Amino acid sequence: MTAETVSTTRGPAAPGTRKRILTGDRPTAKSFHLGNYYGTLANRVRLQDEYESFFLIADYHMLTTRIQDLEEIGANIRELVIDYLSVGIDPVKTTIYLQSLIPEVTELFLYFSMLVTVPRAQRIPTLKEAMRDHGLSAPTYGLLGYPILQAADILMVKGDVVPVGRDQESHIELTREIARRFNELFGPVFPEPQALIPEGGMLPGTDGAGKMGKSLGNAIFLTDDTQAVTTKVMGMYTDPTRVRATDPGNVEGNPVFALHDVFNPDTADVDDMKDRYRSGRIGDVEVKRKLVVAIEAFLVPIRERRARYAAEPERIDEIIRAGSERARDEARRTLHEVRAAMHLDYFGL
Ligand code: ATP
Ligand code: MG
């Protein structure tokens, strides 16, 4: 690397420069679900003009909970990029890239893993959740390191803002600790990124058991057709204590209303349904039918754009290739700076 490229290296965000966003998604399924949209995609679309945006397809992260049946992942990756484009992410304004095409991130991960104790990594709440969701009695070394790898993703491109769901908050906190620790030890290389989390928390799944999740069998996907949306919504968990439509029902903790709150733009009608639900003057079927209408109105334009992009697979591959090249340039610059700060650039090599 030449001295000239080094001089263009971006330190912690200087006043007046455009701040950066980094977010990622694991290619564990073919498509995003409404929870991913609400938790992160909506914020990314909203902020892509204001921030310089990096969107990572985190295939290394996927390996922490899935090490088999990997032959379909290539197809998942393309479909996720099509989802990005169909919800309105613009590949000209943003950098969409594949984690495993940026080997530098594993080097940064190694350095960062020297800055985090094992008990600190074990205290991250998502570790227990991942173990429970995947039926593991002990985490692998890789799963324990997941949040440290995520810190490397974020800091590799010097992300300032990370739009994520609430489940990721503890990871961003760890990222901030790592940035602080590194800067204390070696000099000011990294910004301390901020999480950007929607106020409503996590969108619940159709089963009412917890958050909507790609690998949890309780998700409504952006790729679902009208039939699938209808079947999933009409079968949704509601208030289990309510037997008849004339029984007073619970709106709080009821996933049907949680989805209305996010996806039904007619707030007056949602408020009216809540009143009637609480006083036993509306049945679950009517509330669900209206939810189908609201979700369909949201999905129809996404489906139309999706069909257009799906017809151009070469364009999708080109977006991933160009984005990964650009992200790798950033990675090389950051690593150069990191090695210099750590005095690992022995003999100028
Ligand atoms: P997996 O089940 O494989 O973990 P996931 O559905 O949790 O998949 P991720 O790829 O882990 O999705 O997360 C992508 C982004 O979506 C993250 O920013 C995460 O916080 C957000 N997210 C995931 N599920 C929800 C949800 N139910 N509500 C809000 N945000 C969510
Ligand atoms: Mg997840």
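Note that ligands are numbered from 1 as they come in the structure, with each ligand's atoms numbered from 1 the same way. Keep in mind that what you see is a predicted model, and the values were worked out from it rather than measured.
Note: Phe186 and Tyr111 fail the aromatic proximity criterion, with ring centroids not under 6.0 Å apart.
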Assess whether salt bridge (charged side-chain N to carboxylate O under 4.0 Å, His left out) is satisfied between Arg328 and Glu325, documenting all intermediate values.
-> CA-CA 5 Å; Arg328 195 161 184 205; Glu325 250 170 50; over 6 Å; no

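Listed by chain and residue number, Tyr37, Phe263 satisfy the ring pair (Phe, Tyr, Trp, His ring centres under 6.0 Å) test with Phe298 (two or more places apart in sequence, or in another chain). For the ring pair (Phe, Tyr, Trp, His ring centres under 6.0 Å) test, residues two or more places apart in sequence or in another chain that qualify with His61 are Tyr146.
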One pair per line, please: each N/O atom of ligand 1 matched with every protein N/O atom under 3.5 Å away, atom names first, then the distance to 0.1 Å.
from	atom 1	to	atom 2	distance (Å)
ligand 1	2 (O)	Ser215	N	3.2
ligand 1	2 (O)	Ser215	OG	2.5
ligand 1	3 (O)	Arg26	NH2	3.1
ligand 1	3 (O)	Thr28	OG1	2.8
ligand 1	3 (O)	Ser215	OG	3.2
ligand 1	6 (O)	His33	NE2	2.6
ligand 1	6 (O)	Lys214	N	2.7
ligand 1	7 (O)	Lys211	NZ	2.6
ligand 1	10 (O)	Arg26	N	3.3
ligand 1	10 (O)	Lys214	NZ	2.8
ligand 1	12 (O)	Asn36	ND2	3.3
ligand 1	16 (O)	Asn36	ND2	3.0
ligand 1	18 (O)	Gly165	N	3.3
ligand 1	20 (O)	Gly165	N	2.8
ligand 1	20 (O)	Asp167	OD1	2.5
ligand 1	24 (N)	Lys211	NZ	2.8
ligand 1	24 (N)	Met212	O	3.4
ligand 1	27 (N)	Leu203	O	2.9
ligand 1	27 (N)	Met212	N	3.3
ligand 1	27 (N)	Met212	O	2.9
ligand 1	28 (N)	Leu203	N	2.9
ligand 1	30 (N)	Gly35	O	3.2

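Residue pairs meeting the side-chain hydrogen bond (donor to acceptor under 3.5 Å, both in side chains) criterion with at least one member in residues 118-139, sequence neighbours excluded: Arg120-Glu177, Thr126-His171.
A salt bridge between Asp329 and Arg332 is present, with a side-chain N of the basic residue lying under 4.0 Å from a carboxylate O of the acidic one.
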